[in-house]
Every structure is written in structure tokens, then in C-alpha cells.
Amino acid sequence: MFVIGTMETPEKILDKQHQGNLAKQFIEGWKVERHRGEIWKLQYPLQLSNGILSRSRVPGHTSNTTSISLLHWNQQTEEDFTEDEWCSVFMILHSLYVDTPDKDDEHNLPLRKAENRPLVDDATFLGFLWESMYDVRPQVVYIERAVGVLEHVAAFMLHQKEEEASHLLLSQCKILRLKAGDVNSMTCVLNLPFESLSKSPVSLDEVPPARYRFIDARPFADGTCLRVVETDILPKDRYVAISYVWKGVPPLNPTSNPPQTMAIKSAFNADPISLPALRTACRAAIQLHCPLLWLDGLCIKQGDEDDKAWQIQRMFSIYQHCRVCLILPGGLSRLVTLEEETNWVSRAWTLQEAIAPPRCKVLFSWRYGAGCILESLFSLHVEYVEDDESGAGMAELPLLLAASSRATHLLTVSKDDPTVKVRQKVDINLIVGDNRPGDRVQRNALIGALDLKGKEGMASAIWRAAMMRVAYRPVDMILSIMGMFGVSLDARDFGHDDRLEAALALMREILARGGRAEWLGVIPNLPPGRVLSTTPVILELGEGLEGHFEDKDAMETGLLWWLQGAPTGFVDNDGFVNVTAPVASVTLAVCEASEIIPGQTIDSIRDYQHQHWAIINTNGGASSPPFAVHLGEKKNYLNGSYPTWFDPENNLFMLLDEDGNGGLQVTAYAVGKPEVLLSPGWSTDRTIRVK
């Protein structure tokens, strides 16, 4: 047993020898685990070169992910390491774990507020190492050691009157004990025998409100019971969250072979939950080393508006702090195959569920077992869900999205000759296909949002993706994205149909925090709204993309960009958006578009109806409407999923005119060359008030 520092001198939890031994055990455990395709929870892998450890990026993963594998531990045998070198391994592992980018939000403050944050980080990291060893070799002694470290530091934090940090560490201990089989370690608020679930709707009416709730994955996977446990602190990185649609694909044989299902009381407009599908999800969570599963239908009191509002305010945090988000694109009536089309990508809440988590895996029906792969411009590993009689596989969401945009083949072993690989084409449609109106636009928007996660341009990509989605409650079109902008609106302030009021509230908060009006021009091909002209009309209609493809080719190929340099401003009490940007008076050009010779110097811009607007070169800048407002520069997505191109008209403009009530409204959007901005007709940084 190792020795921890005393209560009086807690700075050093482990001495040098124990640090080195822990690092060595961790690496040995990882060497076993990597052959199963598991990816460890580190931001960077370790690379060994001439005995020196360094950080190394892994292709195909975003820079701010917390879950990238140790791929490069292969250039020197660790048997040559001295004790000091193993201590260096320990310290780098520690720094990678602790320094992982993470936005501690208002719902997850204990660590950020702790004065002894380094000590809490040390304890959490050591608990992670011991838990990792348990994941490789499930021996309870490893959990006991993790709990020992955490409890010791929790006692010290309590002694230092840092109750919140102490409570957080003790909450981790409860989940670790649950993972090791102690079902009494967490408070259970619902326990129903498995055979009773199909007989009557599951009710959470008697469950206390305003708590984080989770399904205990193991007893449900075993078919024993449904246990829902609760905690008052979000157990970061200890659970799998589910993303799905409430109305999904129908069962395959609803009459001749109906699946066992359960219904949730007050979960209106939701399909019954297939017990086999949910059991598969629980098995996948266990395989991902998580004892807990978060599912909104069973973890939110559907008939309690106060609890629902509490949960919605924390929804972004719930997905942000899961270990993995498991996507069931066809819903919970059954697992879909790779080839089946679903409506997952068109639903409002699924955007946040794809962007917020550190990793997203898609769970699907898979009858090929563990011995085959998908091949596109890259190889796509399918992780087979073990001990699942229905046949299920998991694959990373970004890779499936990329594969769905190009030819993909399935490689299997020939039944006649095991040395021969059989290659057959497969269409990957379960996230987004290629047959319905808007499929490519939806794919482009989601790929852009994932690619720009944590970078400039992310907000622009999120607005575009969100505008094209629909929700059963229209207000959810806004509530589902607010967390990605760091905003927490109270759902009780809005009615179910108040998406425009919620949109204005979100815009007001974004601009008040110093953000940019990146919703302007996100889908410039579409007409502006009638009530809120600074957004596309589809936000008001709430009907998605269908019926808005007058120029289908332009829609599908022209939205592979984000807007750089969008204007700042504020939303006033009357609901007008006030933005500060270069402004010029314009007039509709008298010449036809065909008379404007490409490359000719002319102070004009072109709207999406192919009309040209000439800049009025008046001294002192804009004088009277109609106006052109420069919104920023279009920047191409550079994620490798699509080719890039040079766009000479790479500046975006907003066209404004009088609304009949003395104000201004958006009439259209236009594009133009950079030289247009050199015209003397522009007023620099003028504030325009528009609704």
C-alpha cells in the first residue's frame, strides 16, 4: 500500500518511487487495452523520441478534445527507463489530465473555486490512474486505492473549510464504488423489476426535483431491474449521455414480433422505448467504462415544469461533461443500420448533443461482428458491442459524417477463404443521407460546427445548423443552442411557441457579453423573416429546409464557409438589433447583370437574386436608404471533407430598406469583391438599428 502525505503536509501525495510505479502500471495497462481499440481520456498522446517525452497531435481529432489515444508509445522500450524517467512520465500524464481544456461553467464550480485546486487536481488524477487500471483488470483493490486517495484529500479539504471541493471528491468515491459493484453507494430514487416495465408507464412523480439523475447501467444491461440514482453534483466524465429523437423509425415487425417496450409517464409525443435497444446502450456504456447512463426521458421529470426548466438550464453541461455521447439516430424503438435514413440531423436538440461532448459515438445495428472495417478515403473502425445478442456496433460521429459524403466500402472476410477480403459498397445514411432536400446542407452545417469547435467561426456554424432544424416545442430551437454560447435562459420565461422572443433574448445576451452578431447572413440564399428580419424566414416558420430550395445548387455548394469579422452591437428594449459596421447607400444598378464584365472595376455588389447594387459614392458616406452593411469576410471550411476554392466575391453584405414604420428591415443579402470596400461611399463603423 502506498503512503499519502499527512493532513498537515498534503502538497505531495506520492513520493518519487510511487509516482514512477503508478505511471509504469498505467502504461502497462494501456498496452493491453489499446488492442481493444479503447481510447484513453487524454488531450494528447505521448511520443517517445530519444528518451524524451513530448506532446503530439493526433490527426482527425479536434485540438480541444479530451479523449485521444496514446498512439505513439512505441519508439523505445520502457524497460530502459530509470526511476527519474518514469517520474517524468507521471508528471506529463498528470499535466495532460489536469490541463485538458475545460470550461468550468456556473453549474460546475467547486473545483474552480477551491483554493487548494492543485491538490484536488492531484487527487482526481490519481483516482483516474487507479480507475484506469481497474478498467483493464477489474480488481477491486484498484478502486479501493482510488477511493483512498480521494477520501483522504476530501477530509483535508473539509478541514480547510472547502466543503464544496470535499463534497465533489466524495461524490466521485460513490460512483467508483458503484462501478465496483456497491449498489448502495449512491442514492436510488427509482427501482423497478425488469419484468414490470412493459406493464404500466414508468413514473418519476415521487422523485425529488432539481437533481442529476442517471440510470444504473449494469442491472439494466443484465435484465434485472431499472435503477435510477441521483446526485446533487454533476459527475464529470463518469457517465454516457444518450442522443436520440423522440419520434424515430418504427419497429421492424410491430405485429408479428413486437419488441418489449416501456413508456414514460408525461413523455408526450415520444415513441415507446425498446427494452432491447436500451439494454444495448447500457452494454455500450459499460464497455466504455461508465457505470451510469443519462437519458432525458428517464432522468428528467417529464410532468414537472420546474424540474424540466432546471434540467434545460444545465443541459449543455450534462452533455459537455459526459465521457461519451452515444447517438441512436433512429430513436429508441430499435437500432438502425448504416443504410437507413433517419431524421436525427434535423432535430433541434441533437445539434448541442453533437457539439458539446468531448466525443460522440454512433450506435447502430451491426451484423458483421468484430472482424471487418469500413473503408473510404480512410479506414473507419467499428467497435463491436460485446455480449449483445442483437448485434450492435459503434463508430465515431465525425468519421461517419465524412464517410457519408463519399464512396464507402465494407471489408469482410470471405467465408470460403479467410485470407481473402470481400469488398462491397455501403451507403451511410443513418446520420444524413443524400436523397432528401437539404441533406447536403445539413451535413455541411454539422461538419462545420464540429470542425470549428472551440475556434473562431464556431458561432457562425452553430447558427446555420440551428436555423435548419425543427422542434416539437418551437422555443426549443433556441433553448437547445443557448449553452453553446455560454448563455443560460430560464425556460419558464417563454411559452412553447415563443421562439422569436427566446431568439431575441439569446441575441441580447450574446452581444452583451461582447459576442458578435454571427447569425446575420448565415443562410443568405433564403428570404429574411417577416417579423425578425435579421434571421432567415425559416426561424419564424419552424418547418426546416423543405420548400426553400429555389436555387438548390447554390444552397448545397455555397454554404461551406463561416463569417469572419461579424459586427458587434446590442439589442435594445424594443427588440431592435443595433450593429456597428461599415455602411453605404446603394441603388439598384440600371444595367443588366450580363453587361457587367468579369474583372471590370465597378463599385457594386450582387444579391442572391443576381441583381447588382451600385454603391453611391457620396462624400461623408451613407446618407439615406437603401443601405448596404458590410458583415464580414467569408472563410472556407478547411476540414478536408470538401475541396476548397477561391471565391473572388468573398465579402458578405446585408441590404436594408425602410419598413414602412420609420425603421429599417433586412431585404436581402449580397456578396462583393474586397475592392468594393475601397469606395468613398462607405461610412466607417456606423451604428444601424434594424429589426
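Between the CD atom in Q313 and the CE atom in M482 there is a gap of 6.0 Å [rounded to 0.5 Å]. How far CZ of R473 is from CZ of F268: 12.5 Å, rounded to the nearest 0.5 Å. Atom SG in C299 sits 8.0 Å away from atom CD1 in I318 (nearest 0.5 Å). Atom OG of S266 is separated from atom CG of D304 by 9.5 Å, given to the nearest 0.5 angstrom. For the atom pair CD1 (I242) and CG (L363), the distance works out to 7.5 Å, reported to the nearest 0.5 Å. Atom CZ in R423 sits 6.5 Å away from atom CG in L411 (nearest 0.5 Å).
Residues L178 and L292 form a side-chain contact, since some pair of their non-hydrogen atoms from C-beta on lies under 4.5 Å apart. By the 4.5 Å heavy-atom criterion applied to side chains, L335 and T280 are counted as neighbours. Under the 4.5 Å side-chain criterion, counting only non-hydrogen atoms from C-beta, M458 is in contact with I355. Within the 4.5 Å cutoff, side-chain heavy atoms of L351 are placed close to those of M484. The side-chain heavy atoms of L278 and L293, taken from C-beta on, include a pair separated by under 4.5 Å. Under the 4.5 Å side-chain criterion, counting only non-hydrogen atoms from C-beta, D416 is not in contact with V420. When side chains are defined from C-beta on, L410 does not count as touching L338, because their heavy atoms never get closer than 4.5 Å. Counting only heavy atoms from C-beta outward, the side chains of I300 and W294 approach each other to under 4.5 Å.
The closest donor-acceptor contact from the side chain of R227 to the backbone of P219 lies at 3.5 Å or more, if one exists at all. Side chain of Q260 to main chain of S198: no donor-acceptor pair is present (N/O by atom type, distance under 3.5 Å, no hydrogens or angles). A donor-acceptor contact shorter than 3.5 Å links the side chain of Q311 to the backbone of R211. Side chain of T261 to main chain of S274: no donor-acceptor pair is present (N/O by atom type, distance under 3.5 Å, no hydrogens or angles). Side-chain atoms of Q302 come within 3.5 Å of backbone N or O of D296 as a donor-acceptor pair. With hydrogens and angles ignored, the 3.5 Å screen pairs a side-chain donor or acceptor of T231 with a backbone N or O of I233.
For R238 and F214, the positive end is not near the middle of the six-membered ring at less than 6.0 Å and at most 45° from its axis.
Among the candidates T350, V362, L328, the single residue satisfying the side chain to side chain contact (heavy atoms under 4.5 Å, CB included) test with S243 is T350.
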Q287/V240 under side chain to side chain contact (heavy atoms under 4.5 Å, CB included): CA gap, chis, key distance, verdict: CA-CA 11 Å; Q287 190 165 314; V240 164; over 6 Å; no

Test side chain to side chain contact (heavy atoms under 4.5 Å, CB included) applied to F220 and L275, step by step: CA-CA 9 Å; F220 197 90; L275 298 183; 4.0 Å; yes

Criterion side chain to side chain contact (heavy atoms under 4.5 Å, CB included) on V345 and R443, from CA distance to verdict: CA-CA 8 Å; V345 78; R443 182 193 298 116; over 6 Å; no

Steps toward side chain to side chain contact (heavy atoms under 4.5 Å, CB included) verdict (I175, Y239): CA-CA 10 Å; I175 298 171; Y239 59 93; over 6 Å; no

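Across L430 and T337, no two heavy atoms sit closer than the pair CB-O, 3.6 Å. In plain terms, the two heavy atoms of K179 and E131 that are nearest each other are NZ-OE2, 2.6 Å. Residues A146 and W130 come closest through the heavy atom pair CB-CB, 3.7 Å. Taking all atoms of both residues into account, the shortest heavy-atom contact from L326 to A281 is CD2-O, 3.9 Å. Contact record, W366 with C372: CZ2-SG, 3.4 Å, taken as the closest heavy-atom pair. The minimum heavy-atom distance between G297 and Y244, with the atom names listed, is N-OH, 3.8 Å.
Under 3.5 Å, the side chains of D476 and W349 contain a donor-acceptor pair of N or O atoms. Between the side chains of R334 and S365, not a single donor N or O lies within less than 3.5 Å of an accepting N or O.
Between D307 and K301, none of the side-chain N atoms (NZ, or NE/NH1/NH2) sits under 4.0 Å from a carboxylate O, so this pair counts as no salt bridge. Residues E375 and K421 are not paired through a salt bridge, judged by the lack of any N-O separation under 4.0 Å between the basic side chain and the carboxylate. A salt bridge links E396 with R359: the closest approach of a Lys/Arg side-chain nitrogen to an acidic carboxylate oxygen falls below 4.0 angstrom.
Applying the salt bridge (charged side-chain N to carboxylate O under 4.0 Å, His left out) criterion to R347, with sequence neighbours excluded, gives no partner residue. Residues passing the salt bridge (charged side-chain N to carboxylate O under 4.0 Å, His left out) test with D205 are K265, sequence neighbours excluded. With sequence neighbours excluded, the residues forming a salt bridge (charged side-chain N to carboxylate O under 4.0 Å, His left out) with K425 are D427, listed by chain and number.
More than 12 heavy atoms of other residues, nucleotides or ligands lie within 6.0 Å of CD in Q424, so this atom counts as buried by the packing criterion. Counted within 6.0 Å of CZ on R218, heavy atoms from surrounding residues, nucleotides or ligands total 12 or fewer; the atom is thus considered open.
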